[in-house]
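First up is the structure itself, then whatever we jot down about it.
Basis for what follows: all heavy atoms, side chains included, without hydrogens, waters or symmetry-related copies. None of the values given here were measured: they were computed from a predicted structure. Below, read A as the first sequence line, B as the second, and so on, with proteins coming before strands; counting in each chain starts at 1.
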Amino acid sequence: MSFGKGCHLHLIDGSAFIFRAYHALPPLTRKSDGLPIGAVSGFCNMLQRYVEGNTGGDVTHVAVIFDKGSHTFRNDLFPDYKANREAMPEDLRPQIPLTRRATEAFNIACKEVEGYEADDIIGTLAVKARDAGGRVTIISSDKDLMQLVGGGVEMLDAMKNRLIDVEGVEEKFGVGPERVVDVQALAGDSVDNVPGAPGIGIKTAALLINEYGDLDTLLARAEEIKQPKRRQTLIDHADQIRLSRQLVQLDCDTPLDFGLDDLEVRDPDPEILLGFLAEMEFRTLTKRIAEAMNAEPPEIDDTPAGAPEPEAPEMPEIAPEAYEHVRDMAALETWIERIRAKGHVAVDTETTSLNEMQAELVGISLAVEPGQACYIPLGHKGEGEGDLFGGAALAEGQLGLEEVLAALKPVLEDASVLKIGQNMKYDAKVLARYGIDIAPFDDTMLLSYALHAGLHGHGMDALSERYLNHSPIPIKSLLGTGKSAVTFDRVPVEAAVKYAAEDADITLRLWTLLKPQLHRAKVTRVYETLERPLVPVLAQMERHGIEVDRNVLSRMSGAFAQKMAQLEEEIHELAGRKFNVGSPKQLGEILFDEMGLDGGKRGKTGAYATGADVLEDLATEHALPARVLDWRQVSKLKSTYTDALQDHIDPETGRVHTSYMQAGASTGRLASSDPNLQNIPVRSEEGRRIREAFVAPKGRVLLSLDYSQIELRILAHVAGIDALKQAFREGQDIHAMTASEMFNVPMEEMTPEIRRQAKAINFGVIYGISGFGLARNLRIPRGEAQGFIDRYFERFPGIRAYMDDTVAFGKKHGYVETLFGRRIHTPEIGAKGPRAGFARRAAINAPIQGTAADVIRRAMIRMPAAIADLPAKMLLQVHDELLFEVEEGAAEKVIEAARDVMEGAAEPVVKLSVPLTVDAGQGANWAEAH
DNA sequence: GAGTTCACG
DNA sequence: GACGTACGTGAACTCA
C-alpha cells in the first residue's frame, strides 16, 4: 500500500529511547561474557511495550530513527554546537550497534543518515507524510521536534504517555509550532549549547515574539523595545540569535535513500526476534515475547557465568600459528567488516622505535575476539642486506601503507567502534603522525591501573602472565639484544605475524577480563574521568615538547668538567692517594679505614654508607667529605642534566620530548622519563641555573602555575583540622601558624628556626611521621623529635584520628582511597616486621598524595578546552605545577584561564573545605617562570 | 642487574 | 625489646 491519505506513520526517536533505557536501568551485563547490555535490554522492553500498545491500532508505517556521525552541518555553522555534551558513557558505546540490531529483529525499519541528526530525518519524513495526506505521530519528548507539530503531525511523550498537539506546544513555548524556532533562537538551549540571547528565557522570548509577530520583525524593530537592557541585548546579539535559529531549525530536506513506503509495518519473524533476544540472554523478555507470538522460547546458554565473579571466561588457547597474515585488500575488508559487526577491536602498532616521535609504522595487528587476530605488515624490509645505500627493498606479501591506512582510518576514528589497546598513548601518538585520530578507545593498562594500583605492574607481559597464565613471545627473541639488536622492520614477516597478532589477541583477552571488573570495583569513574581522558592530553604535551638551548647546556657542561677536575685533584691530595671519587665503596674505605674517621656505618651489603647526610656530619671536621659533596653535586648536574639532556634534543623538532608514564606510580602521580623532566634541579642555586636552558621560542614566554601547599590543604580537609583550614582560608603562613600553635609562640615573635621545625613536622605528617625519621631530618635527639610529634597530635588530634582510620581502612579492605575514589592497594599492611611499617606510612600518604594527583589530572584534562582559543600550549607537569608556552601578549589571559581551571579542579565531584590557590610566574626560561 | 646516591614534588 | 623507618619517583654510576 502506497503511503497516502488514511495512513498513519509513527516515527520513533531512537537515540532518546537508548538514553532513557540506559539511565533507567542499572548497568546490566550479559552473563556469559560481561558485555554491557542494560541499555539494549531497556530498549527492547520499550520496543515491546510500544508494539503491544499499538497492536490493532491504526498505525500503518513505522520507523526508528537514529543519529549517525557526530559531525553535522550544525557543527560547521557553530563549532561549539553540542560541545558541552558529555562523552557517551563507555559502557553504552558498544550497545549502540546492538540497538540497531534489536530494531531490525523486531522487523521495524531502522533508519539513519550519515552527518544528520535523527531530528532532521524525522522532520523530513514528517513533512513528506503530511504532504502525502497522512497522519504522523512522533514518539519523542525532544522539544526541538515540537516545531513539526500541526497539520496532522503530533508528538507522543512515551514516558509520560502524553500526547502533544498544537495546544501542548503553545503551553510549552507560549507560541504556536511555526514560531517555536523563533522562541528557541532567543532562549537558546544549554543542553545543545545553542547560545541564544543572554538573559532571555522561553517566557520572555514568547512575549517578544507574540508582540512582534516573528523573529525577523522583532530583530528589525529591536530599537522599539522599551526595556533598555532587553533592547540592547537583542541589538548586540542579533547575529548570534540568527545563528541560533539556524541551529534549532530542523532540516526537512535531508537526502534519503528510502521512501515512506519502505516503512510499512511488518510482523517480526519469531525466529529472528527470539534468536536475538536469546543471544542477548534476556530470559524474561524472551519468554514473554515467545508467549505473545505463540512460539517456543529458545534455550538460553549463559553457562560461563556460573560464579558471580567470572574468573576466566572460556577462551581458546593462545595459538600464534593460527593468526592471519593479511596480504590483500579483500582480506583487510573482511576484517573491517568483522570489526564493524563486533563494535570493538584490539589494535596494536609495530614500529621501528620505542620513541614515538621517531617511530615509523611497520605493521598493525587487530583482534576481534579471543584467538582471532591478524597482522598487517606494512614496512618490513627484505631478508637481504639491501642495496649499497643501506635501504633494503620491502619484503613480499605486504600491502601499501597508504592504502591500508585509508581503509582503516574510518574504523579507527568511528565513534561507534571501540578501539582497545595496551598503552594506547603510544599507538595514538604513532598514528597521529599518520593523520589518524584514534577514538574512542579503552586501554587495558589503564584498566588494570584503575583496578589494581599497588598490587602489581601493568605492563602487558605482567598482565598476561597474571590473568591469562601465558608468557607472550619476548620481543628480544625477534630483535636480539645489545649491539646486534635490529629494529622491527628487519623482523621476517612470518615471525612478526605471530608476535604482533599475539599482542593484539592478548590485549583483547585482557580487556574482556578486566573491563567488567570496573563496575564491581567501583572504579569506573576513576577510569573514565581520571585515566582515559588524560591519554590524549599527555600525548599532545609529549608531542609539543619543550625547547632546550643546547648552547646553554654545553657551556655549563664545560664549566662543570673543569670544576670536577679541580675538585678531584684536591680530593686526591687530601686523601693522600688517587681513587675513584665516584665509587662509594672506595670513598668509604678512605674515610673510615685509612683516615680513621668516626661514624662509619656499614649497610646491608657490608659497604660503608657515604650518603650526603653522613658526609655532611663529617664535613664539620674535615675538608675531604666537604669536597666530595661538592664534587658529587657537580657530577650529578653534569652527567644527569647538562650532558644527558643534550642527547634528548629531538633532531627534527629541536625540542625535548619527555614521556609520561600514566600507570607507573601507585598513588596516581605521573612519572616522567626519557628524559625525566620532573626532577630538573631547583633547590640549589647552581642547579637552578639548568632551568635557564629550558626556554620559550622567540615571541613566546614560559608560564608556570603551581598549586600552593596542595597536599597540606588536602590533609587539612580530609583530617578536618579546623585551625589549619582557617589558616588556609585566611591565607596565613601555614608553617608559622603550626609553629605558633605547637610551641605557643605568638606569630609576631616567630623565628625562622621554629618555623623550619614546624615545616618539617607538617611534611612529616604527610609522610606518616615517626620519631626516628623526624629526628634524623631535623638532626635532633630522637626523644625530642618524639616530643614534637606528641605535642602536634595533642594540638591537632584530628590528624592522629585520620592516620589511625586510614590504616584501619587499609587493613580491612586491602586498599585506601583518594577523595575521587582512586584505590591504592596496600597488600603488605598486615605483614610482620618492618614491611608493615612501610606499608602503614605509604597508606597514610597515599590518599593525600593521590588526591593531589587526581586534582591536577582533572585540571589537565579540562585545560585543552579552557585554553583552546588562546595561543598557548601546555608542555609539562611536575606533580603540582603546570608549565605552558604562550605568545607574549597572551600570558595574562592564559594565567587567568589556567588558574581558574586549576583552582576549581576538584569540583564538582569534591567540594574541598579549604581553597586551592595557584601561584603563577612567567619568563623567557623556566628559571624565570618558576 | 643490584645497590647506592641524588635530583624533584 | 629489637627491628630499621619519613611518602612518591627516574637516572647515572660502580661493582660483582
Side-chain angles (χ1 to χ4, degrees), chain A residues 453-454 579-588 601-615 628-629 631-645 647-648 658-661 664-684 686-688 690-691 706-712 715 760-778 782 785 789 803 816 824 826 832-850 852-853 856 876-881 926 930:
Chain A
F579 72 102
N580 184 350
V581 184
S583 166
K585 186 166 171 266
Q586 293 178 34
L587 176 67
K601 268 198 281 187
R602 293 178 188 271
K604 42 192 162 232
T605 54
Y608 288 114
T610 67
D613 48 347
V614 177
L615 297 188
V628 172
L629 281 169
W631 182 91
R632 281 201 182 150
Q633 190 194 19
V634 177
S635 160
K636 176 85 177 181
L637 294 178
K638 182 174 187 298
S639 66
T640 309
Y641 300 105
T642 57
D643 285 354
L645 269 176
D647 300 334
H648 281 285
T658 183
S659 178
Y660 287 103
M661 210 193 325
S666 59
T667 53
R669 272 196 179 179
L670 301 178
S672 156
S673 65
D674 308 294
N676 181 355
L677 296 186
Q678 289 181 321
N679 70 346
I680 303 301
V682 69
R683 291 174 188 168
S684 77
E686 301 93 313
R688 182 156 52 228
I690 289 173
R691 297 194 170 212
D706 69 290
Y707 284 108
S708 158
Q709 310 280 21
I710 186 168
E711 293 193 355
L712 275 176
L715 174 70
I761 299 167
N762 273 334
F763 278 106
V765 166
I766 293 175
Y767 298 149
I769 199 159
S770 76
F772 185 93
L774 184 66
R776 207 177 60 165
N777 191 279
L778 285 177
R782 193 171 159 177
I789 293 171
M803 292 173 122
V816 292
I824 296 105
T826 55
K832 286 265 178 280
R835 287 142 70 99
F838 277 112
R840 277 188 57 247
R841 292 192 298 271
I844 290 166
N845 173 258
I848 301 168
Q849 188 181 116
I856 196 165
L876 300 179
Q877 188 249 42
V878 191
H879 309 308
D880 62 0
E881 171 187 7
W926 198 359
H930 187 78

What does [X] touch in the nucleic acid at a heavy-atom separation under 4.0 angstrom: a base, only the sugar-phosphate, or nothing?
| X | answer |
| --- | --- |
| A:Ser672 | sugar-phosphate |
| A:Asp706 | nothing |
| A:Glu881 | nothing |
| A:Pro834 | nothing |
| A:Gly611 | sugar-phosphate |
| A:Ile680 | sugar-phosphate |
| A:Ile769 | base |
| A:Gly582 | sugar-phosphate |
| A:Ala853 | nothing |
| A:Ala760 | base |
| A:Arg688 | nothing |
| A:Phe838 | sugar-phosphate |
| A:Ser770 | base |
| A:Asp880 | sugar-phosphate |

When you measure from the side-chain N and O atoms of [X] to the phosphate of [N], is any distance below 4.0 Å, counting only OP1 and OP2?
| X | N | result |
| --- | --- | --- |
| A:Ser635 | C:dC13 | no |
| A:Arg632 | B:dC6 | yes |
| A:Arg841 | C:dC7 | yes |
| A:Ser666 | C:dT9 | yes |
| A:Arg669 | B:dG9 | no |
| A:Gln678 | C:dG8 | no |

Round to the nearest Å and state the distance from [X] atom [atom1] to [N] atom [atom2].
| X | N | atom1 | atom2 | answer |
| --- | --- | --- | --- | --- |
| A:Arg840 | C:dG8 | CZ | P | 13 Å |
| A:Trp631 | B:dC6 | CH2 | P | 10 Å |
| A:His930 | B:dC8 | NE2 | P | 10 Å |
| A:Met803 | C:dC7 | CE | P | 11 Å |
| A:Asn676 | C:dT9 | CG | P | 12 Å |

When the [atom1] atoms of [N] and [M] are considered, how many whole Å apart are they?
| N | M | atom1 | value |
| --- | --- | --- | --- |
| B:dC6 | C:dG4 | P | 22 Å |
| C:dC3 | B:dA7 | P | 31 Å |
| B:dA2 | C:dA6 | C1' | 24 Å |

message = Less than 3.5 Å apart, any donor N or O on the side chain of A:Ser770 or A:Arg782 sitting next to an acceptor on the other?
response = no

query = Should the pair A:Arg602 and A:Tyr608 be classed as cation-pi, given the thresholds of under 6.0 Å to the six-membered ring centre and 45° from the axis?
reply = yes

query = Given the rule in the side-chain contact (heavy atoms from CB on, under 4.5 Å) test, do A:Ile856 and A:His879 qualify, once you have shown the distances and angles that lead to the verdict?
reply = CA-CA 7 Å; A:Ile856 196 165; A:His879 309 308; over 6 Å; no

In Å, rounded to the nearest 0.5 Å, how long is the span from [atom1] of [X] to [atom2] of [Y]?
| X | Y | atom1 | atom2 | value |
| --- | --- | --- | --- | --- |
| A:Arg669 | A:Gln849 | CZ | CD | 4.0 Å |
| A:Gln709 | A:Asn762 | CD | CG | 8.0 Å |
| A:Tyr767 | A:Ile848 | OH | CD1 | 10.5 Å |
| A:Thr605 | A:Lys585 | OG1 | NZ | 10.0 Å |
| A:Asp613 | A:Leu629 | CG | CG | 9.5 Å |
| A:Thr658 | A:Leu677 | OG1 | CG | 4.5 Å |

remark   = When pairs are called at under 3.5 Å and a stem needs at least three consecutive Watson-Crick or G-U pairs, the stems of DNA chain C are B:1-9 with C:7-15

Quick one: the side chain of [X] and the base of [N], do they pair up donor-acceptor inside 3.5 Å?
| X | N | answer |
| --- | --- | --- |
| A:Arg782 | C:dT5 | yes |
| A:Arg683 | B:dG9 | yes |
| A:Gln849 | C:dC7 | yes |
| A:Lys636 | B:dC6 | yes |

